[in-house]
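Working notes, structure below.
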Amino acid sequence: MIPVTKPYLPSREKLDRYIDGIYKRAWLTNNGELVQELTRRLEEYLGVENLLLVANGTLALQIAYRALGVTGRNEPTEAITTPFTFVATASSLKWEGVEPVFADIDPNTWCLNPTNIEPAITPRTQAIVPVHVFGNACDVDAIDAIAKKHSLKVIYDASHAFGVKYQGESLLKHGDAATLSFHATKLFHTGEGGAIVFKQKEDLERAKKMINFGITGPETIEELGINAKMNELQAAMGLCVLDEIEENLKARAAVWHHYEQALSQTLQLQAKPEALVYNYAYFPVVFENEEQAVQIAGLLKDHGILTRRYFYPSLESVESLGKKLIQPISKNIASRIVCMPIYSGCDAEYILSKTKRYL
Ligand SMILES: *Cc1c(COP(=O)(O)O)cnc(C)c1O
C-alpha cells in the first residue's frame with residue numbers, strides 16, 4: 001500500500017549518537033541540552049525569535065491562547081476561526097472554554113476570508129485564530145488590520161507552515177503568536193511535538209512558566225500551569241530530522257511538481273499568493289463533485305494508493321464543537337477535496353499513471 005504520508009526517518013546512526021549523549025548525561029527532560037540546542041537551531045533555520053518548544057501542536061495552541069490572555073475561564077469568550085482545518089484548531093479553543101465561532105473561507109486559497117471576520121465579531125470576541133491551511137499564507141495584512149481595529153489577539157495555527165516564507169520573511173512572524181505541530185506525519189517532526197513563536201518576549205516568558213506547572217524556582221509556584229514540556233528524546237529526533245530537511249524538501253518538491261504538471265489542467269488546486277515560498281507539505285486536489293472525489297479515492301485504493309479526504313468534514317458539522325451555522329464554501333470544498341500521497345520517496349509516476357485513467 002502507498003500511504004498518504006509517511007514519517008521521515010532520519011539517519012539511525014546519528015540518532016543513536018544523540019541517545020548515547022542522553023544516557024551519559026542522564027538528563028531526559030526539563031529544558032535539557034538538546035531541547036535548548038533544537039530551540040536555537042530552529043530559530044536560526046526559520047528566521048524567528050521567541051520560539052518555545054512544547055510537547056505537541058495542540059498544547060502549543062492552548063498555551064498560546066492562555067499566554068495571550070485568551071481564556072473563557074472568567075467570562076464568556078469567543079474566538080473567530082476557520083471551519084476548514086484539522087479539528088484541533090477549534091477543539092483546543094473549546095477545551096480552554098473559548099467558544100469557536102466559524103467564519104467562512106476563501107474559495108480559492110481555502111484560508112479564512114478576512115471579509116467574513118468583522119460580521120462575526122461580538123463583545124465576547126477576544127481573538128482570531130486563522131490557519132495557514134496546507135502551508136498557504138492567510139491574508140495576514142487584512143487580518144492584522146482587523147485585529148488592530150478591534151483590539152483582538154491573533155494566533156495563527158501554522159501547523160502546516162514549517163519553513164514557509166511570505167513577502168521575503170518567515171510566515172511565522174505574523175500574529176501575536178504562531179503555532180507549529182511536529183507530529184510524526186508533519187514535514188518537520190519530533191515524533192510528537194510542537195512549538196510556539198511569539199511576537200513579544202514577555203509572552204514567551206509567561207508561556208515558559210505555564211508549560212512547567214507555573215513553577216519558577218525550587219520553592220516557588222508563581223501561577224497556574226500545566227505540563228507541556230518537550231523532552232530530550234523528542235529533541236534528538238528533531239535535531240536529526242532538521243539536519244536532513246533540505247533533502248526532504250527537495251524530494252517532496254519533485255513529487256509536488258510532478259503532480260502539478262499532470263493535474264493542474266483538469267483539477268482545482270489551491271491558489272497561492274505570488275509572494276509565497278512554499279514547503280511542499282501537501283498536495284490537495286478538488287474534484288468537480290463529491291461523487292467523483294469519493295469514487296476516484298476508492299478506485300485508487302483498489303490500486304493500493306491511499307488518499308485522504310482532508311479536511312472533511314467541515315468543522316461546523318462536528319457536534320462536540322457545539323451548534324454552529326453552516327459555512328457553505330468550506331462545506332463545499334471539504335466535500336470535494338482529496339489529498340494525494342506526498343512524502344520523500346513517494347512514487348508520483350505510478351500514482352499519476354493510475355489517477356489519470358479516471359479523469
Ligand atoms: C497536526 C495539526 C494540529 C495538532 O498538532 P498535534 O501535534 O498533533 O497535537 C493542529 N492544527 C493543525 C492544522 C494540524 O494539522
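Whatever order the structure lists ligands and atoms in, that order sets their numbers, starting from 1.
- Judged by distance alone, the side chains of Ser181 and Ser159 never bring a donor and an acceptor atom under 3.5 Å apart.
- Listed for the Thr81 side chain is a donor-acceptor partner under 3.5 Å among the backbone atoms of Val129.
- With His132 as reference, Tyr156 is the one residue of Trp110, Tyr156, Tyr282 to meet the ring pair (Phe, Tyr, Trp, His ring centres under 6.0 Å) rule.
- Cation-pi check for Lys186 over Phe162 is not met; the charged atom does not lie both under 6.0 angstrom from the ring centroid and within 45 degrees of its normal.
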Legend entry - Glu290 vs Arg309, salt bridge (charged side-chain N to carboxylate O under 4.0 Å, His left out): CA-CA, chis, key distance, verdict: CA-CA 10 Å; Glu290 184 164 14; Arg309 296 185 77 194; 2.9 Å; yes
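- Checked options Leu51, Ile155, Leu204; the residue passing with Phe198 is Leu204 (criterion: side chain to side chain contact (heavy atoms under 4.5 Å, CB included)).
- At a 4.0 Å heavy-atom cut-off, the residues surrounding ligand 1 are Asn56, Gly57, Thr58, Thr85, Phe86, Ala88, Thr89, Asp157, Ser159, His160, Ser181, His183, Lys186, Gly193, listed by chain and number.
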